[in-house]
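For reference, the structure discussed in these notes is given below.
In what follows, chains carry the letters A, B, and so on, assigned in the order in which the sequence lines appear, proteins first and then strands, with residues in each chain numbered from 1. Since we're looking at a predicted model, the values are computed, not measured.
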Protein chains: 2
Amino acid sequence: MADTTGDDLTGALIDLFREVDALFSAVSRRMGITPQQAQLLCFAQHRQPSFGEAATLLHCDKTNVTGLVDRLQRRGLLTREADPHDRRVTRVHLTADGEELTGDFQDAVDTAVAARFASWPAADRAALLPLLRAATTALRA
Amino acid sequence: MADTTGDDLTGALIDLFREVDALFSAVSRRMGITPQQAQLLCFAQHRQPSFGEAATLLHCDKTNVTGLVDRLQRRGLLTREADPHDRRVTRVHLTADGEELTGDFQDAVDTAVAARFASWPAADRAALLPLLRAATTALRA
DNA sequence: CCTGGACAGTTGACACTCTCGACTAAATGG
DNA sequence: CCATTTAGTCGAGAGTGTCAACTGTCCAGG
C-alpha cells in the first residue's frame with residue numbers, strides 16, 4: 001500500500017533493497033568486516049581511489065573516510081599511498097591480505113546470489129539483468 | 001568482473017541496491033530522521049510491532065530496538081503500549097505526529113521514484129514489477 | 001614572484017547504530 | 001511449584017556519520 005502510480009514500484013524496490021542489504025550484511029559479518037568496509041575494499045580493488053573519490057562512491061562525508069581507512073589500515077588490509085602528481089591527495093591501495101579478503105568476500109556474495117537464482121529459468125534471468133541495469137540508471141538521475 | 005554465472009547479476013543487484021540506499025538515505029535526511037528510524041516508522045504504520053518483531057523486521061538485535069524506540073519516543077513520534085495479552089511484551093504505536101511524518105516520508109519516496117521512472121514506457125514498467133518481486137522472493141530463500 | 005582562493009585530508013566533538021553479556025520480570029510446562 | 005524460556009532493559013565498547021575548524025598544497029591573477 002502507499003503508492004502513487006497505481007503499481008507499487010516503490011515498495012518492490014525497497015523490498016529488494018532490504019534483501020540485498022541483508023545478504024550483503026550477513027556475508028560481511030561472516031568475513032569479520034562491516035558492510036561499509038566491504039564496500040570500500042571492493043572499490044579499492046579496481047581503482048585506487050583518493051579519499052574524496054571514496055567519499056563520493058560511498059555517498060558519505062570525506063571525514064568519515066578517514067576513520068574507515070584508519071581501521072582497515074590498522075588491520076593491514078590497505079595502505080595510504082601518496083599521489084605522485086598532487087601532494088594533497090592520498091590514494092587507497094589494497095595489500096595482499098586486502099586483495100585476498102576482498103576476493104573471498106565477492107566470491108561469497110556471488111555464490112550466494114547464484115545459489116538463490118539457480119532454479120530460475122534462463123529466460124527470466126536474461127530478462128532480469130537489463131531491467132535491473134535500466135532501473136539503476138533511472139534512479140541515478 | 002567478479003562473477004560466477006557468466007552474467008554479472010550480483011553486480012547489477014548491488015548497483016541497484018546502492019541507488020535505492022542513496023535515495024532512501026537522502027529522503028530520510030531531508031525529513032530529519034535516520035534511515036533506520038524511517039524503516040521502523042514505516043513498519044509501525046501497518047502493524048504495531050513488539051520489540052522482538054521490530055528487531056526481526058530490521059534484521060538487527062533486539063537491544064538495538066530499545067535505543068531506536070527511545071529516540072523516536074523522545075521526539076514524540078511513537079509510544080510504548082503494553083500488550084493486553086502478555087505483560088512481557090511492549091508494542092510500538094505511532095502518534096499523530098509519527099503518522100504524519102511517516103506519511104510525508106513515504107510520499108516523498110514515492111514521488112522521487114515515480115519521477116525517475118516517469119519517462120519509462122508502460123511496457124517496461126509492467127515487466128519490471130513482477131521481476132523485482134520474483135527476485136526478492138528468490139533472495140529471501 | 002606571491003598572495004588569495006580553492007581543494008585534500010585530518011582532528012575533535014557529538015549523535016546514532018549495533019552487538020554482546022548480564023539482568024529483571026513475566027509466561028509456561030513439567 | 002519450580003525450571004526454563006521469552007521480552008525487554010542496561011552498560012560497555014566498537015563502528016558509522018556529520019559538522020566546524022584546521023593544516024598543507026595547488027593554482028590563478030596581480
- Message: Just the rounded figure in Å: distance from P of D/dA7 to CG of B/Asp61.
- Response: 13 Å
- For the helix from C/dC1-D/dG30 to C/dG30-D/dC1, what angle lies between the axis at the first five pairs and the axis at the last five pairs, to 10 degrees? 10°
- Message: Can a donor-acceptor pair be found, under 3.5 Å and without considering hydrogens, that links the side chain of B/Arg91 to the backbone of B/Gln48?
- Response: yes
- Item | Candidate nucleotides C/dT17, D/dT16, C/dT19, ranked by approach to the side chain of A/Leu68 - the nearest | D/dT16
- B/Asp21 CG to C/dT17 P, straight-line distance once rounded to whole Å: 14 Å
- Note on the structure: Separation of D/dG15 atom C1' from A/Gln73 atom CD, nearest Å, is 17 Å
Heteroatom pairs (N/O) under 3.5 angstrom, protein to nucleotides 8-11 of chain D:
{"from": "D/dG8", "atom 1": "OP1", "to": "B/Phe51", "atom 2": "N", "distance (Å)": "3.0"}
{"from": "D/dG8", "atom 1": "OP1", "to": "B/Thr90", "atom 2": "N", "distance (Å)": "3.1"}
{"from": "D/dG8", "atom 1": "OP1", "to": "B/Thr90", "atom 2": "O", "distance (Å)": "3.0"}
{"from": "D/dG8", "atom 1": "OP2", "to": "B/Phe51", "atom 2": "N", "distance (Å)": "3.4"}
{"from": "D/dG8", "atom 1": "OP2", "to": "B/Gly52", "atom 2": "N", "distance (Å)": "2.6"}
{"from": "D/dG8", "atom 1": "N7", "to": "B/Lys62", "atom 2": "NZ", "distance (Å)": "2.7"}
{"from": "D/dG8", "atom 1": "O6", "to": "B/Lys62", "atom 2": "NZ", "distance (Å)": "3.2"}
{"from": "D/dT9", "atom 1": "OP1", "to": "B/Arg80", "atom 2": "NH1", "distance (Å)": "2.1"}
{"from": "D/dT9", "atom 1": "OP2", "to": "B/Thr66", "atom 2": "OG1", "distance (Å)": "3.0"}
{"from": "D/dT9", "atom 1": "OP2", "to": "B/Arg80", "atom 2": "NH1", "distance (Å)": "3.4"}

- Query: With a 3.5 Å cut-off and no angle check, do the side chains of B/Thr136 and A/Asp15 form a donor-acceptor pair?
  - Reply: no
- Task: Please report, rounded to the nearest Å, how far the C1' atom of D/dA7 is from the NE2 atom of B/His85.
- Result: 16 Å
- Task: Answer yes or no: is there a side-chain heavy-atom contact under 4.5 Å between B/Ile33 and B/Arg75?
- Result: yes
- Query: Atom CD of A/Glu81 to atom P of C/dG9: distance rounded to whole Å?
  - Reply: 14 Å
- Message: Is a donor from one side chain sitting under 3.5 angstrom from an acceptor on the other, for A/Glu81 and A/Thr79?
- Response: yes
- Note on the structure: Rounded to whole Å, CG of B/Leu58 lies from C1' of C/dT17 at a distance of 11 Å
- Does A/Arg87 put a side-chain nitrogen or oxygen below 4.0 Å from OP1 or OP2 of D/dC26? yes
- Item | Distance test, side-chain N/O of B/Arg29 to OP1/OP2 of D/dC19, below 4.0 Å | yes
- Task: Please state how far atom CG in B/Asn64 lies from atom P in D/dA12, giving the value in whole angstrom units.
- Result: 18 Å
- Message: Under a 4.0 Å threshold between the charged nitrogen and the carboxylate oxygen, would B/Arg140 count as salt-bridged to A/Glu19?
- Response: yes
- Message: Base, sugar-phosphate or nothing for B/Asp86? Non-hydrogen atoms, less than 4.0 Å.
- Response: sugar-phosphate
- Message: Please report the interatomic distance OG(A/Ser28) to CZ(A/Phe105), rounded to the nearest 0.5 Å.
- Response: 4.0 Å
- Message: The criterion is side-chain hydrogen bond (donor to acceptor under 3.5 Å, both in side chains); which residues satisfy it with B/Asp21, sequence neighbours excluded?
- Response: none
- Message: In this structure, how many angstroms lie between the P atom of D/dT16 and the CD atom of A/Gln39, rounded?
- Response: 11 Å
- Message: Does either side chain, that of B/Thr63 or that of B/Asp61, offer a donor lying less than 3.5 Å from an acceptor on the other one?
- Response: yes
- With side-chain contact (heavy atoms from CB on, under 4.5 Å) as the test, would you mind laying out the steps for A/Arg80 and A/His93 before giving the verdict? CA-CA 6 Å; A/Arg80 291 171 207 231; A/His93 288 235; over 6 Å; no
- Would you say D/dA14 has OP1 or OP2 under 4.0 Å from some side-chain N or O of A/Arg71? no
- Message: Measuring to OP1 and OP2 of C/dC16, would you say a side-chain N or O of B/Gln36 lies under 4.0 angstrom away?
- Response: no
